[in-house]
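Read through the structure below, which is laid out as C-alpha cells, and then see the notes.
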Amino acid sequence: MTAAVTTTPDLASRFVNGILSIKPLANLAKHQARQMMIKRAEKIGVFWTKEVEQLRSRDWATDLAQVQNSQLTYPDYYVTSFHAYETGNLSWQAAFEVESAAHAVHAKIWQDTEAQGDEKLRQSYHNIVESSISQPPKDILDLGCSVGMSTFALQTVYPQAKITGLDLSPYFLAVANYRSQQRQAKINWVHGAAESTGLPDQSFDLVSIFLMCHELPQSATRNILAEARRVLRPGGHLAIMDMNPKSEIYKKMPTYILTLLKSTEPYLDEYFSLDIEQALVAAGFQTPNITSNSPRHRTVIAQVSG
Ligand SMILES: C[S@@+](CC[C@H](N)C(=O)[O-])C[C@H]1O[C@@H](n2cnc3c(N)ncnc32)[C@H](O)[C@@H]1O
C-alpha cells in the first residue's frame with residue numbers, strides 16, 4: 001500500500017495558498033520562481049536562454065504537420081495548467097523549455113552531479129530495466145514521450161528495437177520529431193492518448209512510462225495500465241519511473257513547499273495516494289517489483305500475468 005503524503009495546511013501553507021489565489025500575486029510569484037530557476041540552470045551549464053532562443057527561431061509548421069492528429073480529443077484532466085504554464089503541455093513555450101527544465105530540476109537529485117543529474121536519473125532507471133528483462137525487447141512503446149528524451153534513452157540501450165513514442169502534446173512531438181531528424185534516429189511518433197493508443201493488441205515487448213504518472217488522476221492511470229496490458233505481448237513488461245511517494249524527502253518536505261509543488265502539479269495528491277501494486281494487479285499484471293532508483297524516485301517493473 002502506498003502511503004499518501006499528508007499535508008495539513010500550516011500557517012506558511014495557508015499564506016502560500018492565499019498568494020496563489022490572487023492572480024496578479026500568483027503570476028508575480030511564478031515569474032520570480034521561473035527567473036530563479038533559469039539563473040540557477042545557467043550557472044551549472046544548462047544554457048536555457050540560448051537553447052530556447054534557437055528552438056523559437058525555427059519554422060515549426062512542417063514538424064507540427066508531420067506529427068499532429070487534428071481529430072484528437074484531449075481528456076479534460078489534460079487541458080489545464082501544469083508546471084506554471086497557463087495552457088499546460090499544449091504550448092510552444094513548454095515544448096521549447098522542457099529539455100532545459102528537466103536538466104535544471106534533475107540537477108538537484110544528487111549533490112555531486114549538477115547538469116548530469118538528468119542523465120544519471122535515466123541511467124539508474126535503465127540499469128533496473130535491463131537487469132529485470134532477460135530478452136532485449138524488439139518493440140518498445142514510450143508512453144508520455146514528450147520531446148523524446150526518454151525515447152532516445154531507450155534507443156541508446158536497445159539500438160536494435162523498433163521504438164514508438166506517444167504523447168498528447170503535438171508541440172512536444174514536433175520538437176521530438178526535429179530532434180530525431182538531428183540524431184538520424186528512426187522513431188514512430190504518435191500523437192494520441194496513452195489510455196487509447198489505437199495501437200494493435202500484443203504488439204510490444206516493453207512499455208515504458210517515464211515521469212508521466214504524477215501528471216495523471218488515478219482513473220487515467222488505471223486506464224493507461226489497462227491499455228499497456230492490451231498492447232503488451234505475453235511475457236511482456238511494463239516499466240514505470242516516477243516520484244517515490246515513500247521517499248523521506250517528500251515525507252519531510254515542509255508543507256508550504258509541497259503546497260507550491262502542488263500548485264504546478266494538479267494531480268500530485270492522487271498520485272501519492274494511488275496503490276500502484278493493486279492497480280497493476282487489477283490491470284492484469286503480476287505483482288510488481290519496486291526499487292528506489294534515486295533519493296526521490298522509484299522504478300516499478302511489472303510483467304504481464306498469465
Ligand atoms: C513530465 S513529461 C514526461 C517526459 C518524458 N517521458 C521524459 O522522460 O522526459 C509527461 C508527459 O506525459 C504527457 N502526457 C500526460 N498525460 C498523457 C496521456 N494521457 N497520454 C499521453 N501523454 C500524456 C505530457 O504531454 C508530457 O509530455
Side-chain angles (χ1 to χ4, degrees), residues 46 67-69 72-85 87-107 109 117-126 129 140-157 163-177 179-180 187 189-199 206-228 231 238-243 261 264-268 270-271 293-294 297 299:
V46 177
V67 294
Q68 188 167 30
N69 170 6
L72 190 68
T73 309
Y74 296 99
D76 287 345
Y77 67 81
Y78 187 75
V79 198
T80 186
S81 161
F82 276 101
H83 310 144
Y85 297 107
T87 49
N89 294 322
L90 291 172
S91 76
W92 283 117
Q93 195 186 355
F96 296 157
E97 294 190 333
V98 68
E99 291 160 293
S100 296
H103 286 117
V105 171
H106 298 152
I109 300 174
D118 183 79
E119 205 183 315
K120 184 167 172 179
L121 179 65
R122 293 176 197 278
Q123 190 58 53
S124 66
Y125 167 65
H126 285 293
V129 175
I140 304 177
L141 174 60
D142 183 21
L143 292 175
C145 66
S146 177
V147 295
M149 295 171 86
S150 46
T151 329
F152 300 133
L154 282 160
Q155 194 170 51
T156 302
V157 180
I163 305 191
T164 298
L166 178 143
D167 204 279
L168 268 172
S169 170
Y171 307 101
F172 287 8
L173 285 175
V175 175
N177 192 42
R179 291 291 186 220
S180 55
I187 309 271
W189 301 114
V190 178
H191 183 208
E195 46 271 74
S196 51
T197 61
L199 296 166
L206 171 65
V207 174
S208 176
I209 303 183
F210 196 96
L211 286 175
M212 178 172 77
C213 292
H214 71 277
E215 291 191 8
L216 301 169
Q218 290 188 1
S219 55
T221 303
R222 290 183 200 283
N223 292 339
I224 289 168
L225 299 183
E227 180 69 351
V231 299
L238 170 62
I240 306 174
M241 201 309 290
D242 217 308
M243 297 160 82
L261 187 59
T264 69
E265 298 284 3
Y267 306 110
L268 211 53
E270 290 204 42
Y271 172 73
N293 63 297
S294 99
H297 296 89
T299 294

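If you're wondering where the values come from, they're calculated on a predicted model, not measured in any experiment. Whatever order the structure lists ligands and atoms in, that order sets their numbers, starting from 1.
Between H191 and Y74, the ring planes lie tilted relative to each other; the angle falls in the 30° to 60° range.
Distances below 4.0 Å separate heavy atoms of G144 from the following atoms of ligand 1: 3 (C), 4 (C), 5 (C), 6 (N), 11 (C), 12 (O), 13 (C), 22 (N). Atoms of ligand 1 found under 4.0 Å from any heavy atom of S146 (numbered from 1 in listed order, with element): 4 (C), 5 (C), 27 (O). Close approach to E195 involves these atoms of ligand 1, each under 4.0 Å from a residue heavy atom: 18 (C), 19 (N), 20 (N).
Polar contact with ligand 1: present for Y78 (N/O pair, distance under 3.5 Å). In terms of N/O distances under 3.5 Å, ligand 1 is not approached by E215. Considering both main-chain and side-chain atoms, L216 never comes within under 3.5 Å of ligand 1 through any nitrogen or oxygen pair.
With hydrogens and angles ignored, the 3.5 Å screen pairs a side-chain donor or acceptor of D142 with a backbone N or O of T151. Without hydrogens or angle criteria, S180 side chain to N177 main chain gives a donor-acceptor distance under 3.5 Å. Put simply, the side chain of D167 gets close to the backbone of C145: a donor and an acceptor are under 3.5 Å apart.
Taking a 4.0 Å cut-off on heavy atoms, A193 registers as neighbouring ligand 1. Proximity of G192 to ligand 1 is established by a heavy-atom distance of less than 4.0 Å.
Distance check, rounded to the nearest 0.5 Å: CG of L225 to CG of L238 gives 6.5 Å. The CD1 atom of I240 sits 9.5 Å away from the CD1 atom of I224 when rounded to the nearest 0.5 Å.
At a heavy-atom distance under 4.0 Å, only side-chain atoms of F172, from C-beta outward, approach ligand 1. Residue-level proximity to ligand 1 for Y77 is carried by the side chain, the only part with a heavy atom below 4.0 angstrom. At a 4.0 Å heavy-atom cut-off, ligand 1 touches D167 through backbone and side chain alike.
Side-chain atoms of S124 and N293 form a donor-acceptor pair, as typed in the model, at a separation below 3.5 Å. Between Y125 and S208, the side chains place a donor N or O and an acceptor N or O closer than 3.5 Å (distance only, hydrogens not considered).
Of the candidates T151, L168, L211, I224, L168 brings a heavy atom nearest to atom 22 (N) of ligand 1. Of the listed options M212, E227, R122, R122 places a heavy atom closest to atom 8 (O) of ligand 1.
The residues R222 and E195 are annotated as not salt-bridged, no charged nitrogen and carboxylate oxygen being separated by less than 4.0 angstrom.
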